[in-house]
Amino acid sequence: MDAIDREILRELQQDGRLSNQELAQRVGLTPSPCMRRVRQLEQDGVIQGYRAVIDPEAVGRGFEVLVSVEVRRDREAVEAFEAALQDIPDVIEAYRLFGSPGCLLRIAVADLRAYERLWIEQLTALSGITEVNSQIIMKRVKDHTGLPVNL
């Protein structure tokens, strides 16, 4: 990957809807080689997809909670827990961690009542869970805007 590929990545992270012509102009290429580079970055798995960034409030999910979860430390329990998370759409991110807590979840729901219902009916009901701690997000200080792509 060279400096032009990195510049392409920076530009697409800022605006994934750029036309190939505009992207080519911004990175100093003609459209044809620019498109070849983008396609190669996609084929290589460097560019994994394109998404719209949605305002959580606009879709009724403005209440976010970070949840640390302890799961019994055996393979079956961890695998069952991770598989069960795939069926809970309110869990928008999930990470298995080294140390304690064993797992960190980011949850987006409508309000406190919706989170309480999720907590009671789904989270604490999962097999292998030994502890659930919730931290309600007061304010988003910095949004994820993409990965730094150094030259």
Side-chain angles (χ1 to χ4, degrees), residues 1-2 4-20 22-23 26-27 34-35 37-151:
M1 188 177 326
D2 64 11
I4 293 173
D5 288 336
R6 286 174 171 40
E7 188 61 31
I8 288 170
L9 295 174
R10 272 194 292 282
E11 292 294 337
L12 287 176
Q13 281 190 118
Q14 290 296 314
D15 184 357
R17 293 187 59 163
L18 282 174
S19 69
N20 183 57
E22 177 66 22
L23 179 60
R26 289 186 185 189
V27 301
C34 183
M35 180 57 72
R37 283 175 177 263
V38 170
R39 286 197 178 124
Q40 190 63 53
L41 289 165
E42 291 169 347
Q43 288 173 1
D44 292 345
V46 176
I47 297 174
Q48 297 180 344
Y50 301 88
R51 294 184 178 95
V53 179
I54 299 171
D55 174 14
E57 292 284 340
V59 293
R61 294 195 175 266
F63 190 83
E64 291 188 25
V65 184
L66 297 176
V67 180
S68 56
V69 178
E70 288 294 349
V71 180
R72 241 184 13 256
R73 302 283 173 144
D74 66 73
R75 183 181 200 159
E76 282 182 24
V78 170
E79 288 175 353
F81 172 73
E82 290 178 358
L85 288 180
Q86 305 307 312
D87 296 328
I88 305 175
D90 300 321
V91 177
I92 59 174
E93 292 181 70
Y95 302 93
R96 186 189 317 165
L97 307 174
F98 285 106
S100 187
C103 189
L104 182 65
L105 311 177
R106 183 171 154 230
I107 293 174
V109 291
D111 53 28
L112 181 59
R113 181 171 288 150
Y115 177 65
E116 180 183 15
R117 193 169 41 255
L118 174 74
W119 191 89
I120 290 169
E121 294 173 6
Q122 291 183 284
L123 292 181
T124 59
L126 293 174
S127 177
I129 297 291
T130 60
E131 189 175 338
V132 177
N133 291 302
S134 307
Q135 293 80 38
I136 297 171
I137 296 175
M138 180 188 313
K139 176 183 172 186
R140 186 182 307 253
V141 177
K142 182 177 180 181
D143 272 324
H144 177 65
T145 57
L147 296 171
V149 182
N150 300 327
L151 292 175

Item checked: Non-neighbouring partners of Asp143 that pass salt bridge (Lys or Arg N to Asp or Glu O under 4.0 Å), sequence neighbours left out -> Arg140
Notebook entry, point to check: Among all residues two or more places apart in sequence or in another chain, which pass the salt bridge (Lys or Arg N to Asp or Glu O under 4.0 Å) test with Glu22?
Noted result: Arg26
Margin query: Quick check against the 3.5 Å criterion: does Arg6 have a side-chain atom that pairs as donor or acceptor with the backbone of Asn150?
Written below: yes
Check: With a 4.5 Å limit on heavy-atom distance, are the side chains of Leu123 and Ile129 in contact?
Finding: no
Margin query: For the CD atom on Glu116, are there more than 12 heavy atoms of other groups (residues, nucleotides or ligands in this structure) within a distance under 6.0 Å?
Written below: no
Which pairs of donor and acceptor atoms, one on a side chain in residues 42-49, lie under 3.5 Å apart (sequence neighbours left out)?
unit_1: Glu42; atom_1: OE2; unit_2: Tyr50; atom_2: OH; d: 2.6
unit_1: Asp44; atom_1: OD1; unit_2: Gln40; atom_2: NE2; d: 2.8
unit_1: Asp44; atom_1: OD2; unit_2: Gln40; atom_2: NE2; d: 3.4

Notebook entry, point to check: How many angstroms lie between SG in Cys103 and CD in Glu131, if you round to the nearest 0.5 Å?
Noted result: 13.0 Å
Item checked: Gln135 vs Ser68, side-chain contact (heavy atoms from CB on, under 4.5 Å): CA-CA, chis, key distance, verdict -> CA-CA 8 Å; Gln135 293 80 38; Ser68 56; 4.2 Å; yes
Margin query: Which residue in the set Val27, Ile4, Val38, Leu41 passes side chain to side chain contact (heavy atoms under 4.5 Å, CB included) when paired with Leu9?
Written below: Leu41
Check: Minimum heavy-atom separation for Arg72 to Thr130, with atom names?
Finding: N-CG2, 4.2 Å
With a cut-off of 3.5 Å and sequence neighbours excluded, list every side-chain donor-acceptor pair involving residues 85-102.
unit_1: Gln86; atom_1: NE2; unit_2: Glu82; atom_2: O; d: 3.3
unit_1: Asp90; atom_1: OD1; unit_2: Arg61; atom_2: NH1; d: 2.5
unit_1: Asp90; atom_1: OD1; unit_2: Arg61; atom_2: NH2; d: 3.1
unit_1: Glu93; atom_1: OE1; unit_2: Tyr95; atom_2: OH; d: 2.3
unit_1: Glu93; atom_1: OE2; unit_2: Arg106; atom_2: NH1; d: 2.3
unit_1: Arg96; atom_1: NE; unit_2: Glu82; atom_2: OE2; d: 2.6
unit_1: Arg96; atom_1: NH2; unit_2: Glu82; atom_2: OE1; d: 3.0
unit_1: Arg96; atom_1: NH2; unit_2: Glu82; atom_2: OE2; d: 2.9
unit_1: Ser100; atom_1: OG; unit_2: Glu70; atom_2: OE2; d: 2.5

Note to self: If I take atom CZ from residue Arg10 and atom CG from residue Asp15, how far apart are they, to the nearest 0.5 angstrom?
What the structure shows: 15.5 Å
Next item on the list: Please indicate whether Arg75 has more than 12 foreign heavy atoms, meaning atoms of other residues, nucleotides or ligands, lying under 6.0 Å from its CZ.
Entry: no
Check: Taking 4.0 angstrom as the limit, do Asp111 and Arg113 come out as a salt bridge?
Finding: no
Next item on the list: Using side-chain hydrogen bond (donor to acceptor under 3.5 Å, both in side chains) as the criterion, list what pairs up with Ser134, not counting sequence neighbours.
Entry: Tyr115
Note to self: Quick one, Met1 with Ile8, criterion side-chain contact (heavy atoms from CB on, under 4.5 Å). Give me CA distance, side-chain angles, the key distance, then yes/no.
What the structure shows: CA-CA 11 Å; Met1 188 177 326; Ile8 288 170; over 6 Å; no
Note to self: Going by salt bridge (Lys or Arg N to Asp or Glu O under 4.0 Å), name the residues that satisfy it together with Asp55, two or more places apart in sequence or in a different chain.
What the structure shows: none
Notebook entry, point to check: Mind checking whether Arg37 and Asp2 have side chains closer than 4.5 Å, heavy atoms only?
Noted result: yes
Margin query: Just so I know, are the side chains of Val65 and Trp119 near enough to count as touching, which here means a heavy-atom distance under 4.5 Å?
Written below: no
Next item on the list: Kindly determine whether Leu126 and Gln122 satisfy side-chain contact (heavy atoms from CB on, under 4.5 Å), including the steps that lead there.
Entry: CA-CA 6 Å; Leu126 293 174; Gln122 291 183 284; 5.9 Å; no
